Asks: 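Before I ask anything, let me first share the structure, which is written out below as structure tokens.
Model, not experiment: these values are computed from the prediction. Side-chain atoms are counted along with the backbone in the values below, which use heavy atoms only and exclude waters and symmetry mates.
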Amino acid sequence: MKERLLAYGLLVLPPLFWAGNFITGRYISEQIPAMSLSYWRWTLAMLLALPLVFSSMWRQRELIVRHWLVISVLACLGVVSFNSCVYIGLQTTTATNALIINSMIPIFILLLSSLCLGYKMSLRQGLGIGLSFLGVLVLLLKGQWQHLSQLRINAGDGWIVLSSMVWALYSIGLRYKPSELSGAAFLGCTLVIGSVVLSPFYWLNLPEAAFPLTHDTLWALAYVAIFPSLLAYLAWNYGVKVVGAGIAGQYIHLMPLFGAILGLGLLGEQLFAYHAWGALLIGLGLLVALLPFNGAIRGWFSHFKTD
């Protein structure tokens, strides 16, 4: 009983830390270039994690070499592309918008599963997708329906939509991850590959990619490297192990709530009626499309650990 209570408490931390990642990315967007933040986040996380996961990687080195292509593609999607798109988007959109749009990920998984894997959607799921897209449209239009014919999507919102689609691809691709590969070894591999792939975006773009080491930038780097990258991962895996992926997955919907609270308190972002309507429609679409849980969505919940 105590173990389950601990798991329930710890599962609050991942969505809080992941929401904090969006807030930090927005807060620091004018001081640290997006690709620089992405590079140093994963490089620092790699340096912190390697002493803990290297033994697992070494024991499974033959398996890693045999499946290097699949592991590399997954790392490029889940670590490199997703987070870079998020940080680029946060330069020109609010953290609140980004988090609400990000909650569309399960819908994108459903859509891409239908397009790429031949998954057959039901009428109910199609209705849910329609409701969620309507919610995103409310956000993009800021509730001004009369401007629909002149819709100009904010570049930042577009990047966040793209990041959500990338994460959906990553989630679908996890079915090809070798089942024998341990979570620790897989994490270590993705961190190493992510840091290596991102390094040219930083080192070959100096001095433009450089940034001053101020109080704000150092705290931001420490936060994104430790809390959403490592601590959230550990808490998430413990919670999933104890209470199951289905229950743990429900906690992901706390991200927009935590983000709105943090954005209001730390960034001074304002909440408008269209935020509430957009979140309501997306949430209603998720409820209609994804309940009861199917295997594909349970798979997403069980692997949501690198944001």
Asks: Does Y87 form a side-chain hydrogen bond (donor to acceptor under 3.5 Å, both in side chains) with W159? I'd like the steps, not just the answer.
Replies: CA-CA 9 Å; Y87 291 145; W159 279 104; over 6 Å; no
Asks: Quick check for you: to the nearest 0.5 Å, what is the distance between I23 atom CD1 and I28 atom CD1?
Replies: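 Atom-to-atom, I23:CD1 and I28:CD1 are 13.0 Å apart.
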Asks: Applying a strict under-4.5 Å side-chain criterion to I, L, V, M, F, W and Y, I'd like to know whether L206 and L221 cluster together.
Replies: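 Yes; L221 is reachable from L206 via cluster members.
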Asks: Does F82 form a side-chain contact (heavy atoms from CB on, under 4.5 Å) with V86? I'd like the steps, not just the answer.
Replies: CA-CA 6 Å; F82 171 73; V86 166; 4.0 Å; yes
Asks: For the CD atom on E180, are there more than 12 heavy atoms of other groups (residues, nucleotides or ligands in this structure) within a distance under 6.0 Å?
Replies: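 Atom CD in E180 is packed in, count exceeds 12.
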Asks: Give a yes or no on whether E208 atom CD has more than 12 heavy-atom contacts from other residues, nucleotides or ligands under 6.0 Å away.
Replies: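 Enclosed: over 12 neighbouring heavy atoms sit under 6.0 Å from CD of E208.
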Asks: For the atom pair CG (L262) and OG1 (T24), what is the distance rounded to the nearest 0.5 Å?
Replies: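 Rounded to the nearest 0.5 Å, the CG-OG1 separation comes to 8.5 Å.
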Asks: Run I226 and L44 through side-chain contact (heavy atoms from CB on, under 4.5 Å) and show every step you take.
Replies: CA-CA 8 Å; I226 296 171; L44 292 173; over 6 Å; no
Asks: Is the CZ atom of F201 crowded by more than 12 outside heavy atoms at less than 6.0 Å?
Replies: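 Open.
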Asks: Testing the basics here: between F258 and A19, what is the closest heavy-atom pair and its distance to 0.1 Å?
Replies: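 Nearest heavy atoms, F258 then A19: CB-CB, 3.8 Å.
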Asks: Can you tell me how far apart CH2 (W203) and CG (L198) are? Round to the nearest 0.5 Å.
Replies: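 Nearest 0.5 Å value for the CH2-CG distance: 13.0 Å.
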Asks: So Y238 and E3, do their side chains get closer than 4.5 Å, heavy atoms only?
Replies: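 Result yes, sub-4.5 Å side-chain heavy-atom pair found.
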Asks: Measure the spacing between OG of S179 and CG of L174 and express it to the nearest 0.5 Å.
Replies: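 One gets 12.5 Å once the value is rounded to the nearest 0.5 Å.
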Asks: Counting N and O atoms only, with roles assigned by atom type, does the side chain of N97 sit under 3.5 Å from a partner on the main chain of T93, one being a donor and the other an acceptor?
Replies: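 Pair absent, no side-chain N/O of N97 close to backbone of T93.
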Asks: In this structure, would L50 and V224 fall into the same cluster of hydrophobic residues linked by side-chain contacts under 4.5 Å?
Replies: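 Result: yes, single cluster for both.
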Asks: In terms of hydrophobic clustering (I, L, V, M, F, W, Y; side-chain heavy atoms under 4.5 Å; direct or indirect links), are W58 and L63 co-clustered?
Replies: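 No; L63 is not reachable from W58 via cluster members.
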Asks: Does I160 offer a backbone N or O that forms a donor-acceptor pair with the side chain of S163 under 3.5 Å?
Replies: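 Yes; judged by distance alone, with no hydrogens or angles, the pair exists.
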Asks: Enumerate the side-chain hydrogen bond (donor to acceptor under 3.5 Å, both in side chains) contacts for residues 213-223, please, sequence neighbours excluded, ordered by first and then second residue.
Replies: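 Listed by first then second residue: Y27-D216, T214-T217, H215-W219.
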Asks: With a 4.5 Å cut-off on side-chain heavy atoms, are V192 and W42 touching?
Replies: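 A side-chain contact is absent here, since even the closest heavy-atom pair is not under 4.5 Å.
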Asks: Nearest 0.5 Å, what's the CG-CD1 distance between L112 and I172?
Replies: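 The CG atom of L112 sits 4.5 Å away from the CD1 atom of I172.
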Asks: How about V53 and F186: do any of their side-chain heavy atoms sit closer than 4.5 Å?
Replies: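 No; the side chains remain at least 4.5 Å from each other.
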Asks: Grouping I, L, V, M, F, W and Y whenever their side-chain heavy atoms are under 4.5 Å apart, do L47 and F54 come out in a common cluster?
Replies: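 No, it is not one cluster - the side chains of L47 and F54 are not joined through contacts under 4.5 Å.
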Asks: Keeping the roles fixed (side chain from R41, backbone from S38), state whether a donor-acceptor pair exists under 3.5 Å.
Replies: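 No, because the side chain of R41 does not come within donor-acceptor range (under 3.5 Å) of the backbone of S38.
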Asks: Backbone N or O of A209 within a donor-acceptor pair of the S36 side chain at under 3.5 Å?
Replies: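 Confirmed, S36 side chain pairs with A209 backbone.
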Asks: How far apart are the closest heavy atoms of S229 and A45, and which atoms are they?
Replies: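 Heavy atoms only, the tightest pair is CB-CB, 3.9 Å.
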Asks: For this output row, return yes or no: ring centroids of W167 and F108 closer than 6.0 angstrom.
Replies: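 No, the ring centres sit 6.0 Å or more apart.
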Asks: Under the side chain to side chain contact (heavy atoms under 4.5 Å, CB included) test against I193, which residue among L191, T190, V197 passes?
Replies: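 Per the side chain to side chain contact (heavy atoms under 4.5 Å, CB included) rule, the option paired with I193 is V197, out of L191, T190, V197.
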Asks: Is the CE atom of M57 crowded by more than 12 outside heavy atoms at less than 6.0 Å?
Replies: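 More than 12 within 6.0 Å, yes.
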Asks: When the side chains of residues 64-76 are checked against the rest of the protein, which donor-acceptor pairs come out under 3.5 Å, sequence neighbours left out?
Replies:
from	atom 1	to	atom 2	distance (Å)
S72	OG	W68	O	2.7

Asks: Without swapping roles, check the side chain of T92 against the backbone of A155 for a donor-acceptor pair under 3.5 Å.
Replies: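 Checked: no pair found.
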Asks: State, yes or no, whether a side-chain contact exists between Q31 and P212 at a heavy-atom distance under 4.5 Å.
Replies: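 Of all side-chain heavy-atom pairs linking P212 with Q31, none is under 4.5 Å.
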Asks: Could you give the distance from OG (S199) to CE (M35), rounded to the nearest 0.5 Å?
Replies: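 It is 10.5 Å, given to the nearest 0.5 Å.
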Asks: State whether the side chain of R26 and the backbone N or O of L90 hold a donor-acceptor pair below 3.5 Å, judged by distance alone.
Replies: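 Such a contact is found between R26 side chain and L90 backbone.
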Asks: Grouping I, L, V, M, F, W and Y whenever their side-chain heavy atoms are under 4.5 Å apart, do Y176 and L187 come out in a common cluster?
Replies: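 In one cluster with Y176: L187, yes.
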